[in-house]
Amino acid sequence: MRKKGENGVSGSAKARAKDSLSLDIENTSHLADLCGSHDRHLALIENAFDVYVVARGNQLTIEGDREGCRMATAVVRELENRLERGLGVGEAEVLAACRMASNGGVEGHALSTSAEKHQIRTKQRVISPRSPAQAEYIEFLRTHDLTFGLGPAGTGKTYLAVAVGVAMMMRGEVERLILSRPAVEAGERLGFLPGDMREKVDPYLRPLYDALHDMMPAEQVVKKLENGDIEVAPLAFMRGRTLNQAFVILDEAQNCTPMQIKMFLTRLGDNSRMAVTGDPSQEDLSEVGTRGLVSGLKDAVNILEKVEGVAIARFTQADVVRHPLVARIISAYDDQR
């Protein structure tokens with residue numbers, strides 16, 4: 001058990017404590033999962049809300065200011081409800097619940113209920129949303145022919161789109177999964193890379209391969225790539241095609257020109273879905289001789305926002321699900337703009 005004053009937070013919280021709340025954990029088998037290895041989950045809650053949390057028997061005691069205690073209590077109950085539903089609790093889930101509580105959205109078991117409703121089942125894992133924005137995005141991907149996912153790095157835009165596409169292919173709802181990116185160089189030069197064209201562009205497509213391997217056994221990924229059930233290709237290879245019976249994803253779309261985006265969107269064929277993801281604040285067009293061009297992603301969103309069958313999911317730094325430092329890095333850069 002941690003001692004008061006550890007983690008650089010607990011001691012000061014204890015010194016100025018205004019409230020002390022005791023929570024009974026009815027199912028004691030969940031206590032270890034709630035606390036985490038070496039009480040790591042409790043430490044995350046403490047650091048998030050500047051409180052002190054201690055476990056004794058089947059009871060958690062939370063001490064700190066009133067608002068911090070309220071939010072920490074909401075997180076504990078949310079995680080407890082998640083465990084009751086048979087959903088796992090790890091550091092990512094604890095951090096997600098803390099973010100929701102900070103934004104006022106965790107009351108009423110919102111996250112665990114949404115996670116259960118919007119689960120994505122693939123061969124390798126079951127994927128659940130970690131924020132309300134992710135849950136909405138998954139719903140859009142399942143119900144709309146064209147979905148835009150806009151927001152900063154680390155919000156799960158591409159990962160969740162690949163997960164939904166893999167799940168739909170596994171269920172036979174689509175026959176193919178097609179993943180694409182523009183091979184924009186961001187100041188680097190493809191011509192100086194060794195190898196043929198496939199070997200030159202593969203590094204730009206690596207994040208898509210990584211997502212696939214996270215959801216399917218490696219041998220299945222290789223087999224489906226070989227037989228064409230899964231295709232990973234640069235955007236230029238989409239020209240002139242009609243993509244039927246497919247789930248199609250365009251990643252890093254902020255680096256497309258308006259004409260490239262239009263070309264891609266008009267490839268949509270029968271019984272197909274499209275997801276277009278990108279971060280409008282990170283376009284690299286000016287680095288590759290296209291200075292002055294409007295990002296095709298911004299242009300497409302402005303034109304298509306009110307078109308029937310099109311959904312737009314917007315993420316913020318509050319939805320970042322990577323290391324907590326990533327959200328702070330994004331915030332710091334945003335403050336400089």
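Since the model is a prediction, treat every value here as computed from it, not as a measurement. The first residue of the sequence shown is numbered 1, and numbering continues consecutively from there.
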| note | Residues passing the ring pair (Phe, Tyr, Trp, His ring centres under 6.0 Å) test with F140, sequence neighbours excluded, are H144

| said: Minimum heavy-atom separation for R273 and L141, please, with both atom names. | reply: NH1-O, 3.2 Å

All N/O donor-acceptor pairs, side-chain side in residues 166-173, below 3.5 Å, sequence neighbours left out:
unit_1 : atom_1 : unit_2 : atom_2 : d
R171   : NE     : E173   : OE2    : 2.5
R171   : NH2    : E173   : OE2    : 3.1

| query | Who passes side-chain hydrogen bond (donor to acceptor under 3.5 Å, both in side chains) against E305, sequence neighbours left out? | reply | R314

| Which atoms form the tightest heavy-atom contact between A163 and I127, and what is the distance? | CB-CD1, 3.6 Å

| message | Donor-acceptor pair, distance only, cut-off 3.5 Å: does the side chain of S272 make one with the backbone of D270? | response | yes

| said: Run the side chain to side chain contact (heavy atoms under 4.5 Å, CB included) test on V76 and I25 for me, step by step, so that the C-alpha distance in whole Å, both residues' side-chain angles and the decisive distance to 0.1 Å come before the verdict. | reply: CA-CA 9 Å; V76 171; I25 308 301; 4.3 Å; yes

| Carboxylate-amine/guanidinium proximity below 4.0 Å for E80 and R77 | yes

| message | Tell me whether V54 shares a hydrophobic cluster with L21, the cluster being built from Ile, Leu, Val, Met, Phe, Trp, Tyr side chains joined at under 4.5 Å. | response | no

| said: Taking atom CD as the centre, does E26 end up with more than 12 heavy-atom neighbours from other residues, nucleotides or ligands that are less than 6.0 angstrom away? | reply: no

| task | Any chance you could measure L60, atom CG, to L31, atom CG, to the nearest 0.5 Å? | result | 6.0 Å

| Is the closest side-chain heavy-atom distance between P182 and L250 below 4.5 Å? | yes

| field | Partner set under ring pair (Phe, Tyr, Trp, His ring centres under 6.0 Å) for H30, not counting sequence neighbours | value | none

| field | Euclidean distance, Q220 CD relative to K223 NZ, rounded to 0.5 Å | value | 8.0 Å

| Is any side-chain heavy atom of I138 less than 4.5 Å from a side-chain heavy atom of I120? | yes

| Excluding sequence neighbours, so at least two apart, what forms side-chain hydrogen bond (donor to acceptor under 3.5 Å, both in side chains) with N271? | Q245

| field | salt bridge (Lys or Arg N to Asp or Glu O under 4.0 Å) partners for E139, two or more places apart | value | none

| Does the T61 side chain pair with the main chain of S22, one donor and one acceptor, at a distance under 3.5 Å? | no

| said: Let me confirm one number: the CG-CG distance from L304 to D299, rounded to the nearest 0.5 Å. | reply: 8.5 Å

| task | Return the minimal non-hydrogen interatomic distance between I261 and C256, and the atom names on each side. | result | CG1-CB, 3.5 Å

| Under the salt bridge (Lys or Arg N to Asp or Glu O under 4.0 Å) test, residues paired with K224 that sit two or more places apart | D229

| Nearest atoms (heavy-atom pairs only) where P234 meets S180 | C-OG, 3.4 Å

| request: Compare every heavy atom of Q260 with every heavy atom of N255, then report the nearest pair and how far apart it is. | output: O-OE1, 4.1 Å

| query | Could you give the distance from CG (L225) to CD1 (I230), rounded to the nearest 0.5 Å? | reply | 5.5 Å

| request: Please name all residues satisfying side-chain contact (heavy atoms from CB on, under 4.5 Å) with T242, sequence neighbours left out, ordered by chain then number. | output: N244

| said: Would a single hydrophobic cluster contain both L150 and I303, if residues Ile, Leu, Val, Met, Phe, Trp and Tyr are joined by side-chain heavy-atom contacts under 4.5 Å? | reply: yes

| Any idea which heavy atoms bring M215 and T122 closest together, and the distance? | O-OG1, 3.3 Å

| request: For salt bridge (Lys or Arg N to Asp or Glu O under 4.0 Å), just list the numbers for R70 and E67, CA-CA rounded to whole Å, side-chain angles, deciding distance to a tenth of an Å, and then say yes or no. | output: CA-CA 5 Å; R70 183 192 68 80; E67 183 63 10; 2.7 Å; yes

| query | Tell me, do L265 and V276 make a side-chain contact under 4.5 Å, heavy atoms counted? | reply | yes

| query | Taking atom CD1 of I249 and atom CZ of R181, what is their separation to the nearest 0.5 Å? | reply | 11.5 Å

| Backbone of G228 reached by a side-chain donor or acceptor of E231 within 3.5 Å | no

| With a 4.5 Å heavy-atom cut-off, do L212 and L179 have their side chains touching? | yes

| task | Would you please name every residue forming a ring pair (Phe, Tyr, Trp, His ring centres under 6.0 Å) with F148, sequence neighbours left out? | result | none

| Residues which pass salt bridge (Lys or Arg N to Asp or Glu O under 4.0 Å) with D210, listed by chain and number, not counting sequence neighbours | none

| query | Who pairs with D33 by side-chain contact (heavy atoms from CB on, under 4.5 Å), at least two apart in sequence or on another chain? | reply | L83

| said: Between Y137 and K157 (side chain of the first, backbone of the second, donor and acceptor by atom type, cut-off under 3.5 Å), is there such a pair? | reply: yes

| More than 12 foreign heavy atoms under 6.0 Å from CZ of R241: is that the case here? | yes

| field | Note, R267 side chain near I178 side chain (heavy atom, < 4.5 Å) | value | no

| Atom pair CG/CD of L243 and E175 - distance to nearest 0.5 Å | 12.5 Å

| Quick one: do the Q254 and E252 side chains pair a donor with an acceptor below 3.5 Å? | yes

| query | Honestly curious: do L23 and L34 fall in one hydrophobic cluster under the side-chain, below-4.5 Å linking rule? | reply | yes

| query | Side chains of I62 and I45: closer than 4.5 Å at any heavy-atom pair? | reply | no

| Does V53 reach the side chain of D39, with side-chain heavy atoms less than 4.5 Å apart? | no

| query | Does the side chain of V248 reach to within under 4.5 Å of the side chain of L268, using non-hydrogen atoms? | reply | no

| said: Going by salt bridge (Lys or Arg N to Asp or Glu O under 4.0 Å), name the residues that satisfy it together with E91, two or more places apart in sequence or in a different chain. | reply: R40

